[in-house]
Each structure stands twice: as C-alpha cells, then as structure tokens.
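The following block contains the structure, expressed as structure tokens.
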Amino acid sequence: MLLVVGGRVCAGDIEATVTAPSGEPLADAAVVLEPVSGSMPERHSTVTIAQRDRELVPYVTVVQTNTPIEFPNQDPFKHHLYSFSPTKTFEIKLYAGKPAKPVVFDKPGEVALGCNIHDWMEAYVYVVDSPYFAKTDANGHARITDVPAGSYRLKWWHPRQKRAVSARAIEIGAAPMSVTQVLDVKPRVIKPKPPADKEKY
Amino acid sequence: MFRSLQRRIVVVFVGLLVLVMALMLALVTRSNARIVSTEIQRELTAGMQVFTQLIEQNQRQLETAATVLAADFAFREAIATQDRPTIRSVIRNHGLRIGAQAMMVIHPDGYLIASSQDSNEPSGSALSPFADLLSAAETAGKSSGFRQMRDGRLYQIVLVPIYAPKLIAWVAIGFVVDDRWAHDLSEVTGLVVSVVHRGGTGAGILASSLRDAKRTELSAAVKEISSDMPGELHIGNEHYQTVHVPLGKETFVALQRSVEQAEAPFQTLQTALWVIVLAGVVVFAIGSIMLARQIVRPVNELAGAARRIEAGDYAEPVPLKSSDEIGQLAASFDLMRERVANREQKILKLAYEDSLTGLPNRTRFIEEFNRLSDSSHGAVVVMNLDRFAPINSALGHPVGDRLLAEIGLRLGSFQSGSNLVGRLWGDEFVFLLRDADRAAATRFAESLAGALRDPFVLDGQRLDVGASLGVALYPGDGRDAATLLRRAELAMYAAKQLHSSVAFAAEAGDEPPHEQLSLIGEMREAMARQEFLLYYQPKLDLASGQVTAVEALIRWRHPQRGMVPPGRFIPFAEKTGFIRELTPWVLETVVAQLARWREVGINLVPAVNLSALDLLNPRLIDHMRRLIGSHSLAGGALCLEITESALMEDPELALAHLNELAALGLKLSIDDYGVGQASLAYLQTLPVHELKIDGSFIRAVATTPKNAAIVRSTIGMCHALGLTVVGECAETADEIAWLVANKCDLAQGYGIAKPLPAEEIPGWLAGYGARQRHQA
Ligand SMILES: [Cu+2]
C-alpha cells in the first residue's frame, strides 16, 4: 500500500530497509515519519482487514489516527473478532459477512486482533499520528513517497519486536533518502490450525 | 552287634531320606530366592514404567485443564484488562473445578499477576517461584515439572501460555504431591512410593505411601542412601529393593518393593515343605525302627539259640516263627542243632567208651579219677593178660578181638557204684577201687583171678587166659592218675617178671627219687671202678645137642649192696640215658671175650641185649661198624637181642636201624616174645633171624595143653617164616624134652645152665659135653 501525500514542490522519497540482527530482511515492519510541527493532511479512506480462509489478512496494517477499518468476513462461517488492546478495545461478536459499520481507530498505538473462535487467527494494527508511513515487504524494503521537506521523527515498529526502538529526528529534503534499521523480533508463535474440512468451517 | 544292626538299618534309611530332603529343600530355597529376586526386579521395572506413565498422564490432564482455562475468553479479557480481582476469582473457581491446589497467572515478564494461594494481592514485582519452568515454556511453548513451593510442599506443575492473541500471560496449575498422591500411585503400581527431597541440609520425605512408624524409619534410612545408588534399603527390620525416579533437581521418587512381602508366599510354601519333611522323617524313622526290629528280633533269637548251643545246651529247640528267609535260616539252624547233638553224643561215646568191649576207656578213667576228692583213698589196679599176643598171632585178630570182648563182658560184672572197670589199650584193663585199702584190693584181685579162671570158649575152642595185676594205692603211691597208672603198670610188669599174679607198687618199683639219683651217680663211678661185669648163659642147639650160643647178661657187683640185679638199675640207665655208655662197654667186652674164646678153640655166638634207646641211637650203628671192622668179625658172629617194646617206641626208625644192622651181618633176635603186643605178622616184616619165646609160655608147656598148643603153633609159624626159635626159661628136663619133640631150635634156661662168668664157660662146656655123652 502506498500513500502519496504532500505538495508537488519540495517533496522527497524515503527508501527504508529493515533487517533482523542476522542480516535477513524483515517483513511486516512499519516505518513512520512524524512531522515535528505543523499541520498535516488527514485522509481517512476506509481500510479493510479481511477474514479469509480462517486467517486475518493482512497480518500487519498501519493506519493514520481516526481511520475506520472494515472487517469483512469472507468465510462461510462466523468469526468473533476482539481486541483487548488499550489503544482500541472492541469486540465484534459472532458475525458473518460485512459488519454494519467499520471500527474507527481513534488513538495512536498498537492493537492486537484475535478471533475467539479460532485461536491461531491474529492481526496487528499500528495507529500513527501521521500520513507518512510504509510497511516492509518480504525483502524488508519499504518506500514512503512525496514527503514534504521538513523535520520529522523517524519511528520503527514490529508486532513481535523485543524492544521498542526510540524515534530519531530526520530532515527530509528534495533528495531521496534511504534509511536502514535492525530490529530484533521474536519468532512468530505458530498456533495449531486444524485443516479445513469439506464443509469449510 | 545286633543292636547296631538295627541302628544301622535305621541310620541308613533315615539318613538317605534326610539327605534327599535336604537337597530338595536346598534346591527349593535357592530357586525361591532367585524367583523372589527376579520377581522383585520385574515388579520394580513394571512399577517404574506405570509410575512414569501415570506422571505423564497427570501432566497431560493438567495441561488440558490449563489449556482450557487459557482459552477462556472472559479470563483472557480479565488478564488483558489487568482486572486482578476477576483473575483471582477465575483461577480459584477453576482450581476448585479441576481439583488443583495451586493456580497462578504470571506475566510474560516473569512476575506474578495472581495466585490462588496468596490471599493478599501480590505486588507487581513478586516473581514466580519457578523461573526455570518459565524460561523452558518460553522456548517450548509450555512446560511442566515438580517444584517445591513456598509452603514447602511439592507440586506437579504445568505452565501454558495465554494468548490474546499475542502472549499476555502464563497460567500455572499445580497439583500437590502429598501422601494421598503417593498412596494412590502405590495402589496402582503395587510398590511403596516415597518422594524424597535431597537438599544441602540433608534428605527428607516429602510424601510417602508408608505410614506412621515405617515412614519415620524411612526418613532415617533415606539419609544413608544416595539418589544415584539404588539397591537394597533397610527400613526398620524390613528389606526393600529400591529404584529411583528423578522428579526434578534435588527431588526423586523412591519406588520400593518389600523383600519380605515378596518372600511371604514362598515362606508359606517353605514352611509347609519343612513340616512335610520333618513329618516325613519322623514317620520314616518310626517305620524303619519297626522294620529293623522285625528283622532283628528273630536274628536275636537265633543268636540266643546259638549261644545256648555254644554252651552245650542242645535241648531247647530253635524258635520257628516266620516262613521268610530268617525263618528258613532258623529251620536249618534247628536241623543243625539236632544233628550236632546226635553227633556229640556219638563222639562222647567214642571219646569215653572203648568200642570193642563197651567199657570206659583211659580218658573216662582219668576223668572219673579226677572227680575224686583230694581226701579220698582207694586203689588203681592195672591188669594185663598173659600170653595174649601169641593167641592173637596164632588164631588171628578177629578171634583176639572176640576174646577181648568176652573178657570185657566178664569184667563188666565188677562194675559197681564204687568200682570202675575200663580198658586202657590192647589187653590191658584198669580198675578204680574207690575207698579200697590194701586188703580190699587183694580180695578184689583174688576174685578177679577167680573170674578169669574159667576158660573162654570161642568157636568150640577152649582158651585159658591168665593175667598179671599191678596195684597202686592212693594217696600213698601217688595223687594223680598218670602216676598211679604208671606205678600200677610197673607193679604189673614186676608181677609178670616174678610170675606172681599180683604185685603192689609200693614193693615193685619206683625207688624214691633220691635213691635213684644216688644210683645214677654210682653207676658212673661203677663204670670207672669196673664194677660191672658180664655173665653168659648158654643156648643149647636142640637138634645137635651142642651149645652154640650164649646170652651176655650184665651184673653189678656193688661194694656195699652186693650183686644188684639188672632189673634194679637197667630201667634207670635207660631213663637217664646212661645206657648209651653202658651198651658200648658191653659190646666191647663181649667182642673181646669172643676173641679170647676163639683163641682157646671155643666157637660161640654171643648175644647182647639192646634197649629202645640203643636201637634208636644212630651212633650205635657207627660204633657197631667200627667194632666189626676192627675185629674182622664174620657175618653171624654176633647176635643182638631186642624186646618188642623197644621196637614199638618208634617203629619206623627202629626198622631203618634194624636194616642197617642186618646189613652189617649181625644176627638179630626178638626177645621175650609173647609179653608185648607185636604179632608175628609184624615181626615177619623185620630183618630178624631169631625169636625167643617168653619163659612164661615155656614154663607150663609140659603140663598146660593150651600153652603147648600156642607154643607149638608159634614154632611152626616161625619155621614157615624162616626164623629160628629159642625157648626161654627151660627149667626142667620135661620142658626141654617137649621143646625137642616140638622142633624148637634152641633152648635157654636153668635147666641147661644158669648165667656164668666168662672164665667159667670153657670148664662148663667141657663138663656139659661129657655129661651129654655120658647120658647118651
Ligand atoms: Cu474466527
């Protein structure tokens, strides 16, 4: 997902690379540039986290504060979505299809999502006060484009990170920049998932 | 001995049984011990497997319970929202539901969020009591183990994560490990289950299926073993085979099997076996004692019978009770007893009875005599028949034996309460007259002579039998049978010589010993002093009327006693061996005399008497050979006269010597024929040339027809055998005439000439020749 924000003049691109301490590229890491001052555009297009084939997809979602997220159920059976995270505590009890209204994530922070029916289902939402963010792909690369020149705080996050990485200041100019970061994460706990039966539930 | 036979039977039987039983017991005991040991090992191994499985099963159940709790939505919500009162109430409720004694909720960072055990809220910094389990769970997703908690008790704990959906906490569920736990496991495994904690301060029991005193003893015993050295453990007086199962650090479970309990069934079996063995041995011992008694009793009875027979009691029959081998033995034994008894009677008869006459024999006589008391007195009479040998020779042994039997029959009438009649040997009889004195003995002798006076008739032939008797009185003449018999015999011979019917030992012989000794000493001196001299009695050749031979007779001219007759010293010379010196002297003297007569033209064949001792003396033959050689004597120039009794002492040696003497050319003559036992048949086998009939026969030939017949037949038989016959003691003209008429070759006696000194012989010969011519 790529968000293009900012003016046409004096806007720059940031190329970010995240690796594990072993040097391997790390996917699903969030890279966020928070403007130190001034206003920033708020665009709240609805984001979707689907429930498909007894999984929450995608695994990691980064959104700006106040972004509504829809949780359509594409499986032929019900799910019971919940979050006990203080950032956004909610519960969508047994439902099928698309819920009536999306959930608005109105506070910055991380939210862990799970299904009370299927223990292995999990997804993470990182809510940030900035429209300038990106998520690393399988190669550990992420790109933030059209960032207006100015002073920013560069933040890194990963749902299984062992320690929070402190934000650092960064100046964005016209020239494209590239940043790298090493994150130490725990291995993903593979919770047992029974094979889907013929009836698909 | 029989006692020991019985004992041997019992000992062998019972001993064998005991041996077999002991071997069996040893075998059973050994194999039992092996079985018990193997069984205990097997039980321990099986028990350990069951125990381990139970522990794992418990752990899985706990895990399931914990997982169920961890999945509870409300519980997760309470934890995620840090709602501690709710959390505490959930875990308490859940703990009750599943019977867990300990439940805790632990933050992923390691501090306690809530615990069912602590009533007061734990502070945020209180760390969980099992950080190691937590770190293990972080790696493996979950963990379990046995841990001692703050209350000092041991718990089996499982630790599972709580996801919402990321890890928000750990839930720990613990079951307490206590005596009940140990007891339950003990029931399932069949083993004693004890949980032992071994810390720095020592070992202690955390839980055990043992109770009370046993448990106390175990905690004492457990201090002495090391966890990695299982084996036998003594608890009180019981032995336990032990294996260990570790329950985490410093804690292990001891699984134990009581050796005594495992042995118990075998002990029962062994006790039963012992009872059977002991009872068997006792029964067997009693049985074999009874059997041995049954065997031994009849054997003992046989032994008793054997002892009775050994002691000479044949009267009581051997007991016959059974028909088995011993019964057969007893029957044979009884038969043997009867036969031995019969045989003994026969032997006794033979031993004490003379078979010919049926009278008691010499042995019986001696036994009867020995039965007399020392103070008793009486007489021993020995009777010898006169002229029995010629009768035997002339009429044959069967007739002689019948005669003896007849005589025995007649003498048997003298047998009475106080008198014993017996036959000594041959024609010699003996009488024991108890309480008889000299007068009574004389009367007895007279009646005996009277009894024999009637002639015996055998096959129509009348036989006159005379007898000579010798009487020895006891205790005067001797105290023992041998002495009395000898003295009575001597007296009998004296009577024969004196031609009287009875002689008493007191007068007849056996000079007192001191006189004999002095006589022997004197004989040697007499030899040196030349007191011995020879007389010669002529022998008349009846056919030619010429004197052709003489018999040399020794005389002793004693300086004090005067002429001593030969009967008084020759027996002692024979007894002492002095005769060996005397005879050579006689021979030397006779040969010298022979030479002197030859010088004056007298040709006589001199005869010298040889005693038994001389005849048996081998040196005499050498002496004789030298004598013949040195004087160049021709064959038949010298005659030797030998009595029958001298021949009888050692007939074999006598015969050998006679043969040698005959070979030297000596003429041999049998003296006094008819007195002794020798038969003509026997004498015929000897190399003799002449036979001299005893004077007792000759004395009565002219008047007694019986004597005449015997002498006549003897002469006839001698001639038939090629022997010349000499009639001794021819005293009267009638007798000489009878001898001439009956073809007797030679005669000797007072009727011809008495013994004369050598120097008188030539004169006598001249005078005799003149007288004969004158008569003719
Ligand atoms: Cu679901």
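Numbered from 1 within each chain, the chains take letters A, B, ... in sequence-line order.
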Q) Where does A:P159 contact chain B at under 4.5 Å (heavy atoms): side chain, backbone, both or neither? A)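 Contact with chain B: backbone only.
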Q.
Any heavy-atom pair between the side chains of B:Y163 and A:V189 that's under 4.5 Å?
A. yes
Q: Evaluate the ring planes of A:F84 and B:F73, with Trp represented by its six-membered ring, and classify them as parallel (under 30°), tilted (30 to 60°) or perpendicular (over 60°).
A: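 Judged by the thresholds at 30° and 60°, the geometry between A:F84 and B:F73 is tilted.
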Q. Any donor-acceptor pair under 3.5 Å linking the side chain of A:K191 with the backbone of B:P165?
A.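 Checking the backbone N and O of B:P165 against the side chain of A:K191, a donor-acceptor pair under 3.5 Å is found.
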**Q.** Over 12 non-hydrogen atoms of neighbours within 6.0 angstrom of CZ in A:R188
**A.**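 Count over threshold, so yes.
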Q) Should the pair A:K186-B:E138 be classified as a salt bridge under the 4.0 Å nitrogen-to-oxygen rule? A)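 A salt bridge is absent here (no side-chain N lies under 4.0 Å from a carboxylate O).
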Q. Is there a side-chain contact between A:Y82 and B:E77 (heavy atoms, below 4.5 Å)?
A. no
